[in-house]
Enquirer: 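Okay, handing you the structure first.
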Protein chains: 2
Amino acid sequence: MANSTPQRKLAQKAAPPARRPARRTRRALPARTTRQVSLDGLTDHLGYLVRRAQIWIFQDFIRTLASVDIRPGQYSALTVIKANPGLSQMALAQALGIERARVVHLIDALEARRLVKRQSSRHDRRSHALHLTADGQRAMVRIRDLALQHEKRVTDLVGAGNHKMLLRLFSVFAGS
Amino acid sequence: MANSTPQRKLAQKAAPPARRPARRTRRALPARTTRQVSLDGLTDHLGYLVRRAQIWIFQDFIRTLASVDIRPGQYSALTVIKANPGLSQMALAQALGIERARVVHLIDALEARRLVKRQSSRHDRRSHALHLTADGQRAMVRIRDLALQHEKRVTDLVGAGNHKMLLRLFSVFAGS
DNA sequence: TATTGTTATACTCTATAACTATA
DNA sequence: TATAGTTATAGAGTATAACAATA
């Protein structure tokens, strides 16, 4: 990431002190590079733009939640476990659309931090029932708060109306 | 990717023979899983949905261009080089928002396949001027055609009007 | 036989740092 | 001293395959 990331931008030039929210509808954003390079043939591919959007959004998320050391994948796991206490690793994998092998490492890390616990299921002794620990539930208050701060930044960026519309439009990809 | 990917779907259940294009406005898409797991608290995060959209779109892209063995990163490099013959690796990195170290490997692979060549610049003997080879220019015809087939699928999915709107809305992330 | 969780391997992408050759 | 390209390393994330325990 050369200089198109929020982290980099902040690192390279310290934020201008107490500048007031400029203009409202077009915040200065990823690149500040004076670029004369044409992206012709690329910017009419939605996948390319969605990719760049995802990178920007994730980096803002990571930076916003750095104080609690929670990354996007961990956040989504915690959120689904919180909403579905007792679900299995397999169910979590399916819900998130990731491999069950990946869930193992995800839960390993969260369990080591005492945010999540594996309980052996009585119905099916192969599977583990996932729960937030008491610590995990407490932590989720702050985590969720920071995540909403992040989401506010995204909302301000695209506009509240667009944000809502995008959520609806993209929900088809989440398998719901 | 459990079963939320186009590839998986095709692999797991052979497409129903010659079913006619169902309904037009809501193609059956990523998940066919009967899922009772709540994604509450997750589906109001644009980053999560954008991530899933990106995964889906990229997998369709990879599958569509499998016959020419071109991946999204390679496609974007080829496209920018085509539109800006003679640009340096540094300029390419900045335009795509990737690290210059990454460009090295990207160009290595494309040069090995004789699609791209590094020419030493006379103005600055540190830098390389990137060009498509004759082979590369010929290959780009088919590559671009396949990429447009892919894009058509994306357009059909979200709707032509939405597609156009999304391109405009997300262009802010491409640093343009 | 099939499924859940696990372990292991490999490959892509990202993030860094250090080196060289130029400028 | 700064920059362009290179090399190397480390960490996510992804894609697979195989295995043990259990169904």
Side-chain angles (χ1 to χ4, degrees), chain A residues 1-8 11-12 33 48 51-52 54-56 58-59 61-63 66 69-77 86-94 96-109 111 116 118-130, chain B residues 1-8 11-12 33 48 51-52 54-56 58-59 61-63 66 69-77 86-94 96-109 111 116 118-130:
Chain A
M1 288 289 94
N3 45 15
S4 62
T5 82
Q7 297 178 336
R8 287 303 202 145
Q12 288 178 349
T33 37
Y48 177 73
R51 172 76 176 141
R52 305 240 355 196
Q54 187 245 305
I55 290 172
W56 190 91
F58 268 42
Q59 281 176 342
F61 184 96
I62 292 167
R63 190 163 53 94
D69 191 24
I70 292 291
R71 297 176 60 84
Q74 297 176 317
Y75 178 78
S76 56
L87 90 168
S88 69
Q89 295 185 191
M90 200 56 203
L92 178 59
Q94 286 182 341
L96 294 178
I98 63 180
E99 289 296 321
R100 65 187 197 276
R102 169 116 190 77
V103 169
V104 174
H105 301 298
L106 220 38
I107 300 300
D108 279 352
E111 196 170 38
V116 162
R118 289 170 163 108
Q119 288 183 348
S120 46
S121 163
R122 277 194 215 83
H123 317 301
D124 183 342
R125 277 157 52 214
R126 291 173 303 182
S127 75
H128 294 157
L130 302 174
Chain B
M1 290 289 95
N3 45 13
S4 62
T5 82
Q7 295 178 334
R8 286 304 199 143
Q12 288 180 346
T33 38
Y48 177 72
R51 174 71 177 145
R52 306 245 346 203
Q54 187 246 305
I55 291 172
W56 191 90
F58 269 39
Q59 281 177 340
F61 184 96
I62 292 168
R63 191 163 53 95
D69 192 23
I70 292 291
R71 297 175 59 83
Q74 297 176 318
Y75 177 77
S76 56
L87 90 169
S88 68
Q89 296 185 190
M90 199 59 202
L92 178 59
Q94 286 182 341
L96 294 179
I98 63 180
E99 289 295 323
R100 65 187 197 276
R102 169 117 191 73
V103 169
V104 175
H105 301 299
L106 220 38
I107 301 299
D108 280 352
E111 197 171 37
V116 162
R118 289 170 163 108
Q119 287 183 349
S120 45
S121 162
R122 276 194 216 77
H123 317 299
D124 184 341
R125 277 157 51 216
R126 292 172 302 181
S127 75
H128 295 157
L130 302 175

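As the structure is a computational prediction, the values presented were derived from the model and not from experiment. Naming convention: chains lettered A, B, ... in sequence-line order (proteins, then strands); numbering from 1 in each chain.
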Enquirer: Whole-Å distance between C:dA15 C1' and A:Q59 CD?
Expert: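 The answer, rounded to whole Å, is 10 Å.
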Enquirer: Measure the distance from CD on A:E99 to C1' on D:dA15 and round it to the nearest whole Å.
Expert: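 For the pair A:E99 CD and D:dA15 C1', the rounded distance is 6 Å.
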Enquirer: Looking at A:R118, I'd like to know whether one of its side-chain N or O atoms comes within less than 4.0 Å of OP1 or OP2 on C:dT6.
Expert: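 Result: yes.
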Enquirer: Without decimals, in angstroms, what is the distance between A:D108 CG and C:dT6 P?
Expert: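 Rounding to the nearest Å, CG of A:D108 and P of C:dT6 are 7 Å apart.
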Enquirer: Could you tell me how far apart B:L130 (CG) and D:dT6 (C1') are, to the nearest whole angstrom?
Expert: 14 Å
Enquirer: Roughly how many Å is it from NE2 in B:H128 to P in C:dT20, rounded to a whole number?
Expert: 17 Å
Enquirer: Does B:R122 have a side-chain nitrogen or oxygen under 4.0 Å from the phosphate oxygens OP1 or OP2 of C:dA23?
Expert: no
Enquirer: How many whole angstroms separate atom CD of A:E111 from atom P of C:dG5?
Expert: 13 Å
Enquirer: What closest approach, in Å, do A:V103 and A:Q89 show between heavy atoms, and which atom pair accounts for it?
Expert: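 Result for this residue pair: CG1-CB, 3.8 Å.
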Enquirer: Start at the 5' end of DNA chain C and walk down; is the nucleotide closest to A:S127 or to A:R51 reached first?
Expert: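 The answer here is A:S127.
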Enquirer: Tell me whether the OP1 or OP2 atom of D:dG5 has a side-chain N or O from B:R100 closer than 4.0 Å.
Expert: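 Indeed not, no polar side-chain atom of B:R100 lies that close.
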Enquirer: Can you check whether A:R125 has a side-chain N or O nearer than 4.0 Å to OP1 or OP2 of D:dT22?
Expert: yes
Enquirer: Starting from the 5' end of DNA chain D, give me the residue, A:R126 or A:P72, whose nearest nucleotide shows up first.
Expert: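 The residue whose closest nucleotide sits nearer the 5' end is A:P72.
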Enquirer: Begin from the C-alpha positions of B:Y48 and A:L96 and carry the test side chain to side chain contact (heavy atoms under 4.5 Å, CB included) through to its verdict.
Expert: CA-CA 10 Å; B:Y48 177 72; A:L96 294 178; 3.8 Å; yes
Enquirer: Could you work out which one of D:dT14, C:dT16, C:dC13 sits closest to the side chain of B:R71?
Expert: C:dC13
Enquirer: Checking side chain to side chain contact (heavy atoms under 4.5 Å, CB included) for the pair A:L92/A:L106: CA distance, chi angles, key distance, verdict?
Expert: CA-CA 11 Å; A:L92 178 59; A:L106 220 38; 5.9 Å; no
Enquirer: Whether the side chain of A:R102 and the base of D:dT14 hold a donor-acceptor pair under 3.5 Å is what I'd like checked.
Expert: no
Enquirer: Reckon B:Q89 has a side-chain N or O less than 4.0 Å from the OP1 or OP2 of D:dT6?
Expert: yes
Enquirer: Measure CD/A:Q94 against P/C:dT4 and give the value in whole Å, please.
Expert: 7 Å
Enquirer: State the OG-CG distance between B:S121 and B:L87, to the nearest 0.5 angstrom.
Expert: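 Nearest 0.5 Å value for the OG-CG distance: 11.5 Å.
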Enquirer: Side chain to side chain contact (heavy atoms under 4.5 Å, CB included), that's the test. Do A:D108 and A:R118 meet it? Break it down for me.
Expert: CA-CA 9 Å; A:D108 279 352; A:R118 289 170 163 108; 3.0 Å; yes
Enquirer: Round to a whole Å and report the spacing from CD1 of A:I98 to P of C:dT6.
Expert: 13 Å
Enquirer: Is B:H105 near enough to D:dT6 that one of its side-chain N or O atoms lies under 4.0 angstrom from OP1 or OP2?
Expert: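 Answer is no, no contact under 4.0 Å.
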